[in-house]
2 protein chains.
Amino acid sequence: MRSRRHTIAADLRQQITSGRIRPSERLPSEADLADRYKVSTLTLRHALAVLQGEGLVEKIHGKGNFVRRPLRKTMYVGGWGILDPWMAAEPVLRVTVRSNTVEAQAHLATLLGVPTGSPLAEFTCLSYEGESPHGLARIYLPRDLAPAGVLDDNSASRQTAARFAQLGPTPAAVRETVCARPPTTVEASSLRLATASVVLSITRISTDSAGRIVEAALLTFPGDRIDAVFTTHTMTDERQARA
Amino acid sequence: MRSRRHTIAADLRQQITSGRIRPSERLPSEADLADRYKVSTLTLRHALAVLQGEGLVEKIHGKGNFVRRPLRKTMYVGGWGILDPWMAAEPVLRVTVRSNTVEAQAHLATLLGVPTGSPLAEFTCLSYEGESPHGLARIYLPRDLAPAGVLDDNSASRQTAARFAQLGPTPAAVRETVCARPPTTVEASSLRLATASVVLSITRISTDSAGRIVEAALLTFPGDRIDAVFTTHTMTDERQARA
DNA sequence: CAGTGGTCTAGACCACGCG
DNA sequence: GCGTGGTCTAGACCACTGT
């Protein structure tokens, strides 16, 4: 016999996948569900944690548990940083951008190759697909390279940020480091993920033709919502085919 | 004030990273620790769960909590498929290769662009770092493209396979799709991972100058053991890997 | 304010590993 | 059998979200 959390999770999962409870719909409160299944609230919370780990349920503190939209894997295209939901046919991504100035701590200073304490322009971008958080980007530029307009929340920079594209000068080279890991607590709460879930993390370093680092971007996506694609052409004379 | 689980986790983390508790050493029992920190066992377990998520602690039912060996992150360099442990200074990877012929099922047939049922040469490579499995590769080639020598277990092909490099003809283009997810049951047992852990999965498709697909490789690595790096030079619209 | 999820307690009982 | 971690309970109190 499986544990109660799993039998409860299985029952709820069935109700979700069969469409008895619809996407973005709220589940009954944890107290109600615990009562219905005749378990303690803690056990019920564990059952929900299972579904959360599967990406079926999203918890929002103070509001409730919600059924996530069925998966729509989007594509991150390497070297461009363009987030491309279904070939951009549907501009469903809404983005919030917060900008401010921070001092470079050890990690960021190393990434950007600047002295610790240097002033950096920081852009925190959170994209939503409908109501669900879809991606988190933290973009850092040396303060003096940040274009003036970008520091205001004008629509142009929002458009740019919406694609998590370069904010600084056009770079000559981009180096992307990809890793798979659980989310940090900040990422988990921003993206409404369980701490035991999986994220795809991309650290993108852009350099100009002189080799100076002009931008560092820390991109985080729920693992079940993204594929990252990188294309390499070993012949130099060939034009890249994107499709 | 942070939650107790986090303050406890921070304290234990400090003891581990400072070396006060050494790798592979057992922590005091959860009951003892709960007693020492004056919290309930559940809270203490939550604290350990934090460290578990960070890869610092490993739980073994009936035995205890153990400090994990510090990570040795290796590098996967995109576009070449070279697995590069510490710049190849230390050839610590041991590899087993199994080759046979299979018929293309739906998924593989789509990947390789061949009819379902086509004969494929399959290479299953499992690399070890010491005793620990380090990576799993399943490489598929159209049967007629597999070089004769590769089908035997000679040392040359083993060297090649050890780096999970191309086995077929040198390709003109490589397309790598990266995703983060929990391991399949096969992967979990091959790599000795928990089913709740994280793997980085790379699907590598190589095409020749005529656009024909000459190889498909399914690469899987434990998420906490690998970083994948991709470099793009925008001037030539081309991606290249630099050492 | 009421309703929701988040953390925590003190204790019970179960399942695993090993002598 | 004994010590370990794993699951569960019933209830308390805190923190966030809306009215």
Side-chain angles (χ1 to χ4, degrees), chain A residues 1-12 21 24-53 56-68 96 126 128 131-133 182-197, chain B residues 1-12 16 21 24-53 56-68 192 194-197:
Chain A
M1 179 61 176
R2 288 188 298 182
S3 54
R4 298 206 204 190
R5 64 183 65 175
H6 285 115
T7 56
I8 294 170
D11 185 60
L12 289 172
I21 314 180
S24 81
E25 205 169 303
R26 216 204 76 182
L27 297 173
S29 74
E30 300 185 346
D32 286 353
L33 286 171
D35 199 50
R36 180 193 308 176
Y37 287 111
K38 302 274 187 274
V39 294
S40 71
T41 59
L42 186 61
T43 300
L44 187 112
R45 285 170 57 71
H46 280 146
L48 289 177
V50 171
L51 300 177
Q52 222 186 329
L56 287 172
V57 163
E58 175 181 335
K59 319 194 66 137
I60 304 180
H61 192 164
K63 296 184 73 174
N65 293 277
F66 297 82
V67 176
R68 282 226 300 181
T96 63
L126 192 53
Y128 294 85
E131 288 304 307
S132 298
T184 64
T185 50
V186 171
E187 291 163 350
S189 71
S190 291
L191 297 172
R192 294 191 208 133
L193 296 171
T195 52
S197 63
Chain B
M1 178 62 177
R2 286 190 301 183
S3 55
R4 297 209 203 192
R5 63 183 65 174
H6 286 114
T7 56
I8 294 171
D11 187 59
L12 289 171
I16 291 171
I21 314 179
S24 82
E25 205 170 304
R26 216 205 77 184
L27 296 174
S29 75
E30 300 186 344
D32 286 354
L33 285 172
D35 200 50
R36 181 194 304 177
Y37 287 110
K38 303 273 187 278
V39 294
S40 70
T41 61
L42 186 61
T43 301
L44 188 111
R45 285 170 58 70
H46 280 144
L48 288 177
V50 171
L51 299 177
Q52 235 187 316
L56 286 173
V57 164
E58 180 180 342
K59 319 194 66 141
I60 305 182
H61 192 164
K63 297 185 74 176
N65 292 276
F66 297 82
V67 176
R68 282 224 308 181
R192 294 194 208 132
T195 52
S197 62

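Computed from a predicted model, the values in this text were never measured in an experiment.
- Taking B:Gln52 as the reference, nothing meets the side chain to side chain donor-acceptor pair (under 3.5 Å) condition, with sequence neighbours excluded.
- Taken from CG in A:Leu27 to CG in A:Asp32, the straight-line distance is 11.0 Å, to the nearest 0.5 Å.
- Take B:Ala10 and apply the side-chain contact (heavy atoms from CB on, under 4.5 Å) test, not counting sequence neighbours, and it matches B:Arg2, B:Arg13.
- We find that CD of A:Glu30 is positioned 16 Å from P of C:dC8, with the value rounded to whole Å.
- For A:Asn65 and C:dG5, the shortest distance from a side-chain N or O to OP1 or OP2 is below 4.0 Å.
- In this structure, of D:dT7, D:dT4, C:dG5, it is D:dT4 that holds the atom nearest to the side chain of B:Ser29.
- Taking B:Glu30 as the reference, B:Arg45, B:Lys59 meet the salt bridge (Lys or Arg N to Asp or Glu O under 4.0 Å) condition, with sequence neighbours excluded.
- Heavy atoms only, all atoms of each residue included: A:Ala188 and A:Pro183 are closest at N-CB, 3.9 Å.
- For the segment residues 36-51 of chain A, the set of residues with a heavy atom within less than 4.0 Å of an atom of DNA chain D comprises A:Lys38, A:Val39, A:Ser40, A:Leu42, A:Thr43, in numerical order.
- Rounded to whole angstrom, the span from the CG atom of B:Asp35 across to the P atom of C:dT9 amounts to 12 Å.
- Judged as a salt bridge (Lys or Arg N to Asp or Glu O under 4.0 Å), and not counting sequence neighbours, the contacts of A:Arg68 are A:Asp224.
- Listed by chain and residue number, A:Gln15, A:Tyr37 satisfy the side chain to side chain donor-acceptor pair (under 3.5 Å) test with A:Asp11 (two or more places apart in sequence, or in another chain).
- Residue B:Arg26 is the one, among B:Arg26 and A:Arg5, whose nearest nucleotide of DNA chain D lies closer to the 5' end (criterion: closest heavy atom).
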Output one letter per nucleotide in nucleotides 13-19 of chain D: B when a protein non-hydrogen atom lies under 4.0 Å from the base, S when only the sugar-phosphate is that close, - when neither is. --BBSS-

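- Regarding A:Gln52, its CD atom lies at a distance of 12 Å from the C1' atom of C:dG6, rounded to whole Å.
- Going from atom CZ of B:Arg2 over to atom C1' of C:dG6 covers 17 Å, rounded to whole Å.
- With sequence neighbours left out, the side chain to side chain donor-acceptor pair (under 3.5 Å) criterion links B:Thr41 to no other residue.
- Residues meeting the side chain to side chain donor-acceptor pair (under 3.5 Å) test with B:Ser40, sequence neighbours left out: B:Thr43.
- Taking atom CZ on B:Phe66 and atom C1' on C:dC16, their separation rounds to 13 Å, with Å as the unit.
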